[in-house]
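See below for the structure under consideration.
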Amino acid sequence: MNLNVFHFQVMLKLPSTEPLHGLVEEAEQAIDFSQTDIRLPMLVYISREKRPGYDHNKKAGAMNALVRASAVMSNAPFILNLDCDHYIYNSNAAREGMCFMMDRGGENICYIQFPQRFEGIDPSDRYANSNTVFFDGNMRALDGLQGPVYVGTGCLFRRFALYGFDPPSITDYSSRCDRADDTEMLQKPLTAADFDNFLDPNLLPKRFGNSAALAESIPVAEFQGRPLADHPAVKYGRPPGALVVPRPPLDPANVAEAVSVISCWYEDKTEWGDRVGWIYGSVTEDVVTGYKMHNRGWHSAYCITKRDAFRGSAPINLTDRLHQVLRWATGSVEIFFSRNNALLATRRLMFLQRVAYLNVGIYPFTSAFLLVYCFLPALSLFSGQFIVQTLNVSFLIYLLTISVTLIGLAILEVRWSGVGLEEWWRNEQFWLISGTSAHLYAVVQGLLKVMAGIEISFTLTSKSAAEDNEDIYADLYIVKWTSLMIPPITIMMVNLIAIAFGFAKTIYSEIPQWSKLMGGAFFSFWVLAHLYPFAKGLMGRRGKTPTIVFVWSGLIAITLSLLWVSISPPKSSGTLAGAGGFQFP
């Protein structure tokens with residue numbers, strides 16, 4: 001039996017409590033560290049245990065293990081979460097995030113979400129990898145409600161909020177610690193029972209596991225993360241100077257306890273992954289974890305720094321991008337069919353925030369309507385019947401009014417959020433591409449998991465790894481076949497065949513109806529314009545497309561076209577003999 005043994009190494013111990021300044025450098029040195037505190041924070045390397053028979057719960061399990069180990073080792077009141085492909089680009093980002101939580105009114109903020117910024121994306125951002133509309137539009141709008149959703153990286157957490165407690169604005173424990181009457185109590189953290197009236201100290205192992213050091217660290221982390229009580233308006237604050245105390249030394253007992261809390265059996269019969277820490281049971285554990293916090297009454301904040309806080313890499317290849325979106329959409333379908341559906345939320349979740357979370361679980365189902373939207377113009381060309389019976393002035397005015405209204409709203413949104421029109425258009429294009437491929441497959445996979453119990457396995461999103469040193473975007477042109485490409489290819493082929501069929505039918509008709517042709521062709525071209533980046537990705541760098549692409553798309557498109565013609569064959573437009581009428585055999 002193979003076992004993956006965990007590894008735990010303290011590479012840098014806790015620094016001293018006193019500042020340590022650098023030496024005065026020589027005159028030729030460019031940097032003088034004599035006025036700089038050169039202490040380094042403690043650094044610990046952890047590789048958790050993975051044993052057959054124990055579910056390690058992927059990223060969520062790793063994050064929970066880190067939370068427990070850090071609680072025993074350092075117990076810092078704030079936790080920064082970054083993916084392995086992200087790095088710190090602004091050293092002051094963490095400080096700016098902590099200002100939100102330690103300032104007046106910040107006692108009920110559970111996390112600070114930073115926007116994701118990426119490197120290595122092609123200049124035109126063909127597949128909307130930057131997600132500019134989401135990060136600069138949607139997330140900013142949520143910041144005016146209960147707060148932005150948690151997106152899995154670039155997030156600064158309040159440790160106390162990860163333990164499943166309610167915010168102090170809901171659980172009022174000010175009566176147990178009156179700042180005005182008992183100054184000595186201010187210097188002491190509260191007990192766990194003060195945070196949760198229904199939590200018996202004897203039941204702490206049932207919720208957090210059998211670790212006395214971890215249980216004792218929870219009220220300390222809550223106390224150290226409070227806003228500074230330097231103003232009468234601060235309701236739940238800590239007095240100035242309360243944190244200027246020596247930290248306990250790091251001894252072998254602490255290291256042994258930290259090793260114990262990351263073992264594979266520690267979470268058995270506890271609430272880790274259910275109420276405490278990162279939530280298990282979904283491939284989008286980040287959204288569920290943030291939802292749980294908002295559902296308990298916590299708020300979050302969105303922090304956009306002048307200099308990007310963090311940067312990372314994104315998959316610029318079409319196949320990898322679709323697989324990434326497929327994983328997100330499948331997680332959303334899982335959320336919709338789970339108890340984390342926003343329809344089942346508590347009253348502590350604001351109404352508009354509930355609508356936002358409801359949209360998170362519903363948006364993959366819009367793929368069905370997108371399919372109808374993409375095939376409807378082709379069906380009108382095949383059948384000879386336009387979307388509307390008559391193209392009169394009233395309908396044109398109605399269509400123009402709707403179009404101008406939608407365009408006006410889009411312009412207002414992009415102007416408010418600062419998103420460029422090109423970025424907005426790339427987002428619209430990829431929304432249709434992903435909606436007709438990854439979102440559709442996600443709905444099917446989600447239904448299979450819910451109804452048949454078929455588990456879905458995902459591979460990590462591969463980032464750009466091109467070996468072409470002369471072209472840093474070489475991976476953009478690689479064509480990797482995947483079944484996700486079948487629906488968009490079919491849509492393109494059907495619409496192209498429909499345009500040719502409609503044009504030939506109109507030419508050979510005794511009484512050509514050009515209005516119906518122009519109407520159907522216009523909407524077909526509109527669909528094809530949205531799919532242009534997808535078609536461009538299929539062509540690769542030199543216009544070489546895999547044969548399988550043409551085989552699949554040709555067979556499906558021809559089958560659907562002939563099936564429609566067989567069901568509803570076009571009638572001859574006239575009864576005169578000769579070549580005046582067109583009839584499909």
Side-chain angles (χ1 to χ4, degrees), residues 6-15 17 39-49 56-84 86 88 93-95 97-98 101-102 110-112 150 152-165 189 192 195 204 207-226 243 245-264 266-267 270-273 275-280 285-286 289 293 310:
F6 60 91
H7 185 71
F8 193 102
Q9 182 178 4
V10 180
M11 306 181 73
L12 287 178
K13 295 185 178 181
L14 284 170
T17 57
R39 288 179 298 170
L40 295 177
M42 182 174 63
L43 177 62
V44 180
Y45 173 77
I46 299 176
S47 176
R48 62 192 175 116
E49 181 182 16
H56 58 84
N57 293 300
K58 304 178 179 64
K59 176 182 176 180
M63 294 303 303
N64 286 337
L66 288 174
V67 169
R68 295 192 297 270
S70 64
V72 175
M73 299 291 290
S74 62
N75 198 30
F78 305 110
I79 299 175
L80 178 62
N81 167 225
L82 291 178
D83 276 350
C84 60
H86 279 67
I88 298 176
R95 179 178 299 178
M98 286 188 291
M101 293 184 279
M102 304 189 74
C110 56
Y111 61 82
I112 306 297
Y150 167 46
T153 181
C155 190
L156 184 69
F157 281 92
R158 185 190 297 273
R159 180 187 293 272
F160 180 69
L162 288 169
Y163 291 138
F165 294 109
F195 310 137
L204 283 176
R207 178 176 293 186
F208 302 104
N210 191 19
S211 174
L214 176 62
E216 293 173 357
S217 70
I218 294 174
V220 176
E222 186 278 336
F223 177 74
Q224 294 179 347
R226 295 185 191 178
L243 301 182
V245 291
R247 298 182 66 92
L250 186 65
D251 53 17
N254 295 113
V255 178
E257 188 70 17
V259 172
S260 174
V261 298
I262 65 172
S263 60
C264 61
Y266 182 83
E267 295 181 351
T270 67
E271 296 186 3
W272 284 96
R275 175 190 175 100
V276 181
W278 271 254
I279 308 302
Y280 301 154
E285 72 286 331
D286 44 9
T289 301
M293 296 181 181
F310 314 103

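Of all non-hydrogen atoms in Arg158 and Arg226, the two that sit nearest each other are NH1-N, 4.3 Å. Of all the heavy atoms in Val261 and Ser211, the pair that sits closest is CG1-OG, 3.7 Å. Val72 approaches Asn254 most closely through the heavy-atom pair CG1-O, 3.5 Å. For the pair Asn81 and Gly152, the tightest heavy-atom approach, listed with the atom from each and the gap, is OD1-O, 2.8 Å. Nearest heavy-atom pair, Gly277 versus Thr289, reported as atom, atom and distance to 0.1 Å: O-CG2, 4.0 Å. Across all non-hydrogen atoms, the minimal contact from Ala71 to Leu214 is CB-CD1, 3.5 Å.
The distance from atom OG1 of Thr153 to atom CG of Leu80, rounded to the nearest 0.5 Å, is 8.0 Å. Taken from CG in Asn64 to CH2 in Trp272, the straight-line distance is 5.5 Å, to the nearest 0.5 Å. If you take CZ on Arg39 and CG on Leu12, they are separated by 13.5 Å, rounding to the nearest 0.5 Å. Here the CE-CD1 distance, from Met63 to Ile279, works out to 12.5 Å after rounding to the nearest 0.5 Å. Here the OG-CZ distance, from Ser260 to Arg68, works out to 9.5 Å after rounding to the nearest 0.5 Å.
The residues Lys59 and Asp83 are annotated as salt-bridged, a charged nitrogen and a carboxylate oxygen being separated by less than 4.0 angstrom.
Two residues are said to be in side-chain contact when any heavy atoms from C-beta on lie closer than 4.5 Å; Val10 and Met73 meet this criterion. Residues Thr270 and Val276 are not in side-chain contact: their nearest non-hydrogen atoms beyond the backbone lie 4.5 Å or more apart. For the pair Met101/Leu156, a side-chain contact is recorded, criterion being any heavy-atom separation below 4.5 Å from C-beta on.
Annotation: Asn210, atom CG; neighbour count of heavy atoms from other residues, nucleotides and ligands within 6.0 Å does not exceed 12.
At least one donor-acceptor pair under 3.5 Å links the side chain of Arg48 to the backbone N or O of His56.
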Does the pair Glu222 and Tyr163 meet the rule for a side-chain contact (heavy atoms from CB on, under 4.5 Å), with working shown?
-> CA-CA 10 Å; Glu222 186 278 336; Tyr163 291 138; over 6 Å; no
Applying side-chain contact (heavy atoms from CB on, under 4.5 Å), run through Asn57 and Glu267 and close with a yes or a no.
-> CA-CA 11 Å; Asn57 293 300; Glu267 295 181 351; 4.2 Å; yes
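Looking at residues two or more places apart in sequence or on another chain, you find a ring-ring contact (aromatic ring centres under 6.0 Å, His included) between Phe157 and Tyr111, Tyr150, Trp278. With sequence neighbours left out, the ring-ring contact (aromatic ring centres under 6.0 Å, His included) criterion links Phe310 to Phe114.
Side-chain contact, Ser70 with Arg159: a donor N or O sits under 3.5 Å from an acceptor N or O.
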